[in-house]
Structure formats: structure tokens, C-alpha cells
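As C-alpha cells, the structure follows; a few thoughts come after it.
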Amino acid sequence: MKKSKFIVSAFNMYKGGSLSYFQRMAPSLYRLNNACIVLSREMQSEFRFDCFIQVPFPISFLNQIYRIFIEQFFVPMVGFFRSADCLIMLGNFPCLFWAKNQRVFFHNTLYLSENSKKSLIFLLESMYFRFSIRLKKPILLVQTQHVKKMLKDFFDCPLDILVVGVPERVVDKVLDTSDSGSEIILFYPADFHSHKNHIALKPIIHPNAVRKLKIVLTISEEDASTIFNPIQLREQLICIGKVDRYSVEAYYKKCSAVLFLSQTESLGMPLIEACEFGLPIIAPDVDYVNSAISDYYKFDINDINSLKNAVNLFISDYNQAKFKIAQPKILESQNKFLNSIIGL
């Protein structure tokens, strides 16, 4: 079997923010000589690595146990037969059965939460994550200083944590203003989870709150109807459901600003994407946002009127053509990013 210096376990980066980040990583990994990438079959049509292994993931039955099998047995077996020197684990968890160099990309801060309302499976995953990090003490790769601080504050043992940022990419910034007219369009790309905080929109979408305002959400009307009334859905909300990244980018070009409401994130990729498209951002004044971007419209996540005030301030600036454009703090070149993840 051909030798590979690096084994990159990426099979669980097949959806959502994880996939968005991996799409950014791919150009760096294409440059990584002597590497073998373990991918999910769901990713096979998008990525063309010289050396890769596909695994069926996810599966419908006992998926969590199956994931443990891939990470703890299959991946190190590939590393053994390919005489690898380093495992790069992109799915938060280290491999317990790998004695050589190991680097773990950590990107789910919910594993550090003590929230008892989480499902039993998630609580077990969190316990397993904490145990495996304390046992193996791998080099942890994180996106921001905020996540590094969270890890250092949480664990009672010394850890080697490296901030690698977000690899840059080239985007087409030509905006689509053909359908905008006089409306202000805010775009919030986020799945329908409680911590995404869609309910915070309620104070700004009654008829007298903000005039000529449309808010585009990437959730279904069925999910939205559990929070908003039919008049709100008809008058001000546009629910487009889950969409692919090309549709998301089309809305970046069409919208007036990006809205981000999430209570907690390891990063919040739309914040970086909005910066790349030269857009204003309305987001909470919290650590994960301040660690990633600057020059944005801030609101207090604990004040129900603060978001409305921030939106109105943006609209006033927008109408006077003097609005702030958010700036990224953590974008890195592909070369620097690659050197960081492999330890050069």
C-alpha cells in the first residue's frame, strides 16, 4: 500500500458549517503532499483529492457507534498500513489508539456546555469528548481566540491549542440589486435550532416596528409558524428552507445586510462570508462575534429592544449611504493555514 505522511479524517464534515469550513480547507489540502483523506460518500462529488478513501456516513442505524468505529479503529488502521506520521482529526474527537503525532480540529463549543436540556446522546458525546481530550492531550486546532480561551478555562490540564483562523477564498462580490427596489432585505442563514435564537426577531417584525423590511430565513415555513403568526410570515418573513451554498451566496449578493442572532457559536461562518461579500452585519455583542469580526452593528442579546434599535440604526445609515462594512479578523492565506494545521 502507498505510504502517506498525513491521514486527514474528514468524513463527518459533510454538512452545515462543517462542510463550509472544509470547502475552504480543500485548496490547502490539495497542496498537502503524501496525504490520504477519509471522506464521506456524500462529499465524493465535490472534492477531487489524489488520495482518498470513501466511507458511507452517516448511516440510519446506530450512527454514533459507527462513527466511533471509523474514528477509533478504521482511521488508525489506514494510518498504520500507510505508515503515516500524523493524524489530523477534523471532527472534534482524538483517536485513542494513535500513539504518534495527532492534531484535532475542535469546532463545537456545545461540548463544553453544562446544559442539562441536551439529549442523552449529546451528553454522552460531551463526556466522551472531555475524557478523550484529557487522556490523549492532542494538539487542538481552533478558529478563534475565543474558542481557545473557552478550552483553557474548561480543562484543568495543560493543553497545546493553536488558533488557525479561517482560510481565505476568492468570491464574486458583484451585488444583485435587480429585485431590491426600496425594500431593506436582511438575510439570516441558520438552521432551526434553539440556540440560533430566531425568536429574537419577534420585536422587529410587527407592522409598525420597521418599515419596508424583509427578512430571509433558511428555515421552513412550518418551523417558522411555531414562533411567528401568519401575518408576520406573509408580510415580512421569507422562509426559503435549507439551501445549498450557491443559493446562500446568491442571497449574499441580493441582501442589504446579514443578520446573525445565535446565542453561542464556535465561529458562525456566515459572519466571515458576509465580510467577504462586503456586507454590513447586525449581530450580538458577544465574545464569539467580537473574536471573528469588527465594525458591525451590535445589539445586547439579553435586551429585547436592543435588536430593534440596531436594525433601525442600520436602516438610517443605509438610507444615508454611510453604513458600516464588517471586517474579518481571522482570515488567513491558504499557505499560512496549511502550515498551521500540519505544524510547520
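Since we're looking at a predicted model, the values are computed, not measured. This chain uses plain numbering: 1 for the first residue, then up along the sequence.
The ring pair (Phe, Tyr, Trp, His ring centres under 6.0 Å) test with Tyr128 is passed by exactly one of Phe122, Phe93, Tyr111: Phe93. Between Phe97 and the choices Phe80, Phe69, Phe73, the ring pair (Phe, Tyr, Trp, His ring centres under 6.0 Å) rule is met once, by Phe73. Results of the side chain to side chain donor-acceptor pair (under 3.5 Å) test with Glu265 over Lys196, His146, Gln143 single out Lys196 as the only residue that passes.
Between Leu112 and Met150 there is a side-chain heavy-atom pair separated by less than 4.5 Å. Taking 4.5 Å as the limit, every side-chain heavy atom of Asn108 sits out of range of all side-chain heavy atoms of Ser266. Side-chain contact check for Ile139 versus Val104: every heavy-atom pair is 4.5 Å or farther apart.
Two rings, from Phe260 and Tyr296, have their centers 6.0 Å or more apart.
Here the OG atom belonging to Ser247 is positioned 14.5 Å from the NZ atom belonging to Lys242, to the nearest 0.5 angstrom. Taking CG of Asn309 as the reference point, atom CZ of Phe314 lies at 15.5 Å (rounded to 0.5 Å). Atoms CD1 and CZ, from Ile219 and Phe228 in turn, are 6.5 Å apart once rounded to the nearest 0.5 Å. Annotation: the span from Gln236 atom CD to Ile238 atom CD1 amounts to 10.5 Å, rounded to 0.5 Å.
Other residues, nucleotides and ligands contribute at most 12 non-hydrogen atoms within 6.0 Å of the CE atom of Met127. Residue Asp85 qualifies as enclosed at atom CG: its count of foreign heavy atoms under 6.0 Å is above 12. For Gln320, the CD atom sits in a packed shell: over 12 heavy atoms of surrounding residues, nucleotides or ligands are nearer than 6.0 Å. Heavy atoms from other residues, nucleotides or ligands lying under 6.0 Å from NZ of Lys148 number more than 12. Shown here is Lys15, whose NZ atom has no more than 12 heavy atoms of other residues, nucleotides or ligands within 6.0 Å. Atom NZ of Lys336 is surrounded by 12 or fewer heavy atoms from other residues, nucleotides or ligands within 6.0 Å.
Using a 30° and 60° split on the angle between ring planes, Tyr188 and His198 fall in the tilted class, from 30° to 60°. Between Phe129 and Phe106, the ring planes lie parallel to each other; the angle is under 30°, not in the 30° to 60° tilted range.
Relative to the six-membered ring of Phe187, Lys254 misses at least one condition, a distance below 6.0 Å or an angle of at most 45° to the axis.
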For the pair Tyr288 and Thr144, evaluate side-chain contact (heavy atoms from CB on, under 4.5 Å) and give the outcome as yes or no after the intermediate values. CA-CA 8 Å; Tyr288 82 83; Thr144 67; over 6 Å; no
Take Gln334 and Glu168 through the test side-chain hydrogen bond (donor to acceptor under 3.5 Å, both in side chains) and record every step on the way to the result. CA-CA 6 Å; Gln334 291 286 343; Glu168 64 184 5; over 6 Å; no
Worked check of side-chain contact (heavy atoms from CB on, under 4.5 Å) between Leu186 and Val216: CA-CA 6 Å; Leu186 303 183; Val216 179; over 6 Å; no
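In this structure, Asp287 does not pair ionically with Lys149, as no charged nitrogen and carboxylate oxygen lie closer than 4.0 Å. No salt bridge links Lys253 with Glu249; every basic N to acidic carboxylate O contact stays at or beyond 4.0 Å. A salt bridge links Glu276 to Arg24: one of the charged nitrogens lies within less than 4.0 Å of a carboxylate oxygen.
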